[in-house]
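Notes follow the structure.
When reading the values below, keep in mind they use all heavy atoms of this one structure, side chains included, and skip hydrogens, waters and symmetry mates. Model, not experiment: these values are computed from the prediction. Residues take their numbers from the sequence shown, with the count starting at 1.
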Amino acid sequence: MLPAQARLRRRPDFTAVVRSGRRAGRPTMVLHLLPERPEQPAGDPASPVAARAGFVVGRSVGNSVVRHRVTRRLRAVVRAELDRLPPGADLVVRARPEAAAADSAVLHRDLAVGLDRLLGDRARPR
């Protein structure tokens with residue numbers, strides 16, 4: 001499970017990331033990254049703002065059971081890679097139908113390669 005402050009929830013947030021962010025397509029998913037949020041939440045400006053992630057798993061992926069399984073797998077792989085995102089960044093992961101047949105290792109590989117492209121990392125730290 002992702003921490004509450006690391007989740008995208010509102011439709012305008014998803015829309016802003018998809019429309020204004022950079023995109024990287026992979027066989028099982030499409031990643032949309034917005035490196036900085038346009039507006040920062042009110043509060044202590046000195047406190048770091050955590051990166052957030054949201055997921056879009058449509059009906060083309062499969063029935064309800066399959067969609068929920070894909071979402072759980074995506075949440076787990078994003079949680080492992082969330083620290084690579086800059087503070088204040090938003091990431092939307094849109095699953096493709098191929099994600100239904102992919103195991104977690106394939107999803108993790110596609111996510112890592114997509115983030116490498118979006119972040120410009122050539123040598124990824126392990």
Side-chain angles (χ1 to χ4, degrees):
M1 188 67 110
L2 287 173
Q5 68 270 17
R7 285 186 243 151
L8 279 176
R9 291 194 179 103
R10 296 180 24 226
R11 183 181 182 106
D13 293 337
F14 279 86
T15 304
V17 174
V18 171
R19 287 191 179 164
S20 302
R22 297 180 59 199
R23 182 174 62 92
R26 301 298 307 147
T28 60
M29 65 186 75
V30 177
L31 304 172
H32 298 272
L33 177 69
L34 188 61
E36 292 181 357
R37 287 180 212 132
E39 75 284 340
Q40 295 295 331
D44 183 16
S47 67
V49 180
R52 300 184 302 176
F55 305 92
V56 178
V57 183
R59 284 189 177 164
S60 64
V61 174
N63 64 23
S64 177
V65 173
V66 173
R67 291 194 309 267
H68 282 89
R69 181 175 45 234
V70 169
T71 303
R72 283 192 306 272
R73 288 179 178 170
L74 288 174
R75 260 198 314 258
V77 298
V78 167
R79 183 180 54 224
E81 297 285 334
L82 197 60
D83 60 341
R84 291 183 55 199
L85 298 177
D90 286 341
L91 175 71
V92 171
V93 179
R94 183 171 55 86
R96 289 186 168 168
E98 293 81 4
D103 62 358
S104 295
V106 172
L107 294 174
H108 191 251
R109 184 194 69 224
D110 280 354
L111 177 72
V113 171
L115 285 177
D116 288 344
R117 284 183 48 201
L118 289 173
L119 297 173
D121 297 342
R122 292 297 177 229
R124 197 168 70 101
R126 289 268 171 198

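Between L85 and L115, some side-chain heavy-atom pair lies under the 4.5 Å cut-off. Between V18 and V56 the shortest side-chain heavy-atom distance does not fall below 4.5 Å. Within the 4.5 Å cutoff, the side chain of L119 has no heavy atoms near those of the P35 side chain.
Shortest non-hydrogen contact noted between A100 and V61 is CB-O, 3.4 Å. Of all non-hydrogen atoms in A102 and R73, the two that sit nearest each other are O-NH1, 3.0 Å. Scanning all heavy atoms of the two residues, the minimum distance from R84 to A112 falls at NH1-O, 3.6 Å. Closest heavy-atom contact between A95 and V70: CB-CG1, 4.0 Å.
Note on L33 and L2: same hydrophobic cluster, where clusters join Ile, Leu, Val, Met, Phe, Trp and Tyr whose side-chain heavy atoms are under 4.5 Å apart, directly or indirectly. The hydrophobic clustering, which links ILVMFWY residues whose side-chain heavy atoms are closer than 4.5 Å, places L118 and L82 together.
Applying the side-chain hydrogen bond (donor to acceptor under 3.5 Å, both in side chains) test to residues at least two apart or on different chains, the pairs with a partner in residues 51-60 are R52-D90. Listed by first then second residue, pairs satisfying side-chain hydrogen bond (donor to acceptor under 3.5 Å, both in side chains) with a partner in residues 16-30 read T28-D110, not counting sequence neighbours. Residue pairs meeting the side-chain hydrogen bond (donor to acceptor under 3.5 Å, both in side chains) criterion with at least one member in residues 93-104: none, sequence neighbours excluded.
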Review item, side-chain donor-acceptor pairs of residues 62-69, under 3.5 Å, at least two apart:
{"from": "N63", "atom 1": "OD1", "to": "V65", "atom 2": "N", "distance (Å)": "3.2"}
{"from": "N63", "atom 1": "OD1", "to": "V66", "atom 2": "N", "distance (Å)": "3.0"}
{"from": "S64", "atom 1": "OG", "to": "H68", "atom 2": "ND1", "distance (Å)": "3.4"}
{"from": "R67", "atom 1": "NH1", "to": "G62", "atom 2": "O", "distance (Å)": "2.9"}
{"from": "H68", "atom 1": "ND1", "to": "S64", "atom 2": "O", "distance (Å)": "2.7"}

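Between L8 atom CG and L34 atom CG the span is 9.5 Å, to the nearest 0.5 Å.
Under the side chain to side chain contact (heavy atoms under 4.5 Å, CB included) criterion, P12 pairs with R10, not counting sequence neighbours.
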